[in-house]
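What you see below is based on every heavy atom in this structure, not just the backbone, and it leaves out hydrogens, waters and symmetry mates. As the structure lists them, so they are numbered: ligands from 1, and atoms in each ligand from 1. Note that the structure is a prediction, hence the values are computed from the model and not measured.
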Amino acid sequence: MRLSRYFLPTLKEDPKEAQIVSHRLMLRAGMIQQSSAGIYSWLPLGQRVLRNIEQVVREEQDRAGALEILMPTLQPADLWRESGRYDDYGKEMLRITDRHDRQMLYGPTNEEQVTDIFRSHVNSYKNLPLNLYHIQWKFRDEVRPRFGIMRGREFLMKDAYSFDLDFDGAKIAYNNMFVAYLKTFARLGLKAIPLRAATGPIGGDLSHEFIVLADTGESEVFYHKDLLSLETPDQASYSADELQAIVDKWTGYYAAADDMHDAAACDVAADDLVTRRGIEVGHIFHFGDKYSKIMGATVAGPDGKDVTVSMGSYGIGVSRLVGGIIEASHDYDGIIWPESVAPFKAGLINLKSGDEPCDQACDEFYGKLQGAGVEVLYDDTSGRAGEKFAKMDLIGLPWQATIGPRGVKSGIVEIKNRATGEKQELSADDALQLLAGRR
Ligand code: 5CA
């Protein structure tokens, strides 16, 4: 992509409304634009990152055996009356009346909707276990939307819902998602810690939050320091016993957010207990028959008798993760994207646009990168060199390739690694090999 053709409305100054670094950098890097409180448009660069995160989340859900569906954003109020949550949800729910005076709502979550799908089509234990997920916009009329997309009113969530015959099956489904989450966050370049959590309006008795450490996180967390050095599971699939062993290992260390932390009950030695702040990027719940019972989601069991299914739900804050990753990975100059989610793998800087030999060398190198399948943003504009470097650092592409009059003469491309700052001068061919990941 040529920058001269792109839409990248970067800002030189820090926007006043942004209190935390990720919000500031997302606005400065031209990723988002506020529409109204807690509601944002995603501009091209932001949209690419959002898509990439969504794709990693999707691949790990698919790999874990969950099936992707897409449920609507607008739901009928009647479904929520059945579960009893229409009144309970209170002011956070955005209620809408259609032209026929039917009451609707913009979904804050989808337990009722998915239970309705399940009860309409699944009749036998033979169709279990089943896990259905979607990646869809949610709306919660938060009292205090803040920190940009971190606590939005409209936000993108991956929510999965598992259906099992009994608690033992549901526990395997829960563990399966727990392990999928560890893999997902690791692929996003994050160290996520699972904490035992309160269940809030979703309900149920078994729940974990996954938090990413960041000074700007909304909750205070307390955890055993060894949790951070546990290895992420990497096998494609695990047996039920293996899943349980992994979950036991990760939950064997003390870890709690402020609402669950009990200093008196915490037996971790003071030297081993770390207190930091964290951002909740995922939350999983086992709530058994809370919705299936009241909404009549049953299947015929092996003996022919009706069994109320046991359910869980599993959320990931896809749009929040954009901010979470920036909080975890930035420096004074801007964002440092992990390759797995970077909007482009590399930036190409033409130090002297308009100078024929420079333009020619850059155009040629750009063509080769494209030919090798490297996603590249080519700064072919007439800006000053300093501005171009600052912009590339700000938007945080993992690699920067620079070609200027000096390099053109000697056939040299300067390559910079954004994360380490390390620079090397390479021949165009070697630079191509490096950016194409072949060396
Ligand atoms: N139904 C369950 C799981 S599918 C559920 O709604 N869980 S949740 O309320 O914990 O939300 C799941 C995830 O969505 C959270 O872990 C968080 O990462 C993200 N999230 C929740 N509220 C917001 C918000 N206002 N802005 C951005 N992300 C949010």
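In terms of N/O distances under 3.5 Å, ligand 1 is not approached by Arg153. Taking only nitrogen or oxygen atoms, main chain and side chain alike, Lys158 does not reach within less than 3.5 Å of ligand 1.
Checked against the 6.0 Å centroid threshold, Tyr174 and His286 do not count as a close aromatic pair. The aromatic ring centres of Phe344 and Tyr6 sit less than 6.0 Å apart. Taking the six-membered ring wherever Trp is involved, the centroid distance between the rings of Phe178 and Tyr314 does not fall below 6.0 Å.
Ligand 1 places these atoms under 4.0 Å from at least one heavy atom of Glu280: 10 (O), 15 (C), 16 (O), 17 (C), 18 (O). Of all atoms in ligand 1, listed by their number and element, those nearer than 4.0 Å to a heavy atom of Tyr314 are 3 (C), 4 (S). The contact set between ligand 1 and His283, taken as ligand atoms under 4.0 Å from a residue heavy atom, comprises 10 (O), 16 (O). Counting the atoms of ligand 1 from 1 in the order shown, those under 4.0 Å from a heavy atom of Ile149 are 27 (C). Interface atoms of ligand 1 facing Asp159, defined by a heavy-atom separation under 4.0 Å, are 4 (S).
Nearest to atom 25 (N) of ligand 1 by heavy atom, out of Ser319, Ser313, Gly152, is Gly152. With Lys138, Glu154, Arg144, Arg320 as candidates, the residue nearest to atom 23 (C) of ligand 1 on a non-hydrogen basis is Arg320.
Of the heavy atoms in Glu142, only side-chain atoms (C-beta onward) come closer than 4.0 Å to ligand 1. Residue contacts with ligand 1, taken as heavy atom pairs separated by less than 4.0 Å, involve Glu111 solely via side-chain atoms from C-beta onward. Looking at Val281 against ligand 1, only its backbone comes within 4.0 Å, counting heavy atoms.
Under a 4.0 Å heavy-atom criterion, Ile284 is not in contact with ligand 1.
A heavy-atom distance below 4.5 Å is not found between the side chains of Ser219 and Asp259. Annotation: side chain of Ser319 is in contact with side chain of Leu50 (closest heavy-atom distance under 4.5 Å).
Note that the NZ atom of Lys391 and the CD1 atom of Ile349 stand 10.5 Å from one another [nearest 0.5 Å].
Considering His283, Lys138, Gln136 in turn, Lys138 is the only one that fulfils the side chain to side chain donor-acceptor pair (under 3.5 Å) rule with Asp159.
Seen from the ring of Tyr86, Arg95 counts as a face-on cation partner, given the 6.0 Å and 45° thresholds.
Within the structure, side-chain hydrogen bond (donor to acceptor under 3.5 Å, both in side chains) pairs that include any residue of residues 225-234 comprise Lys225-Asp272 (at least two apart or interchain).
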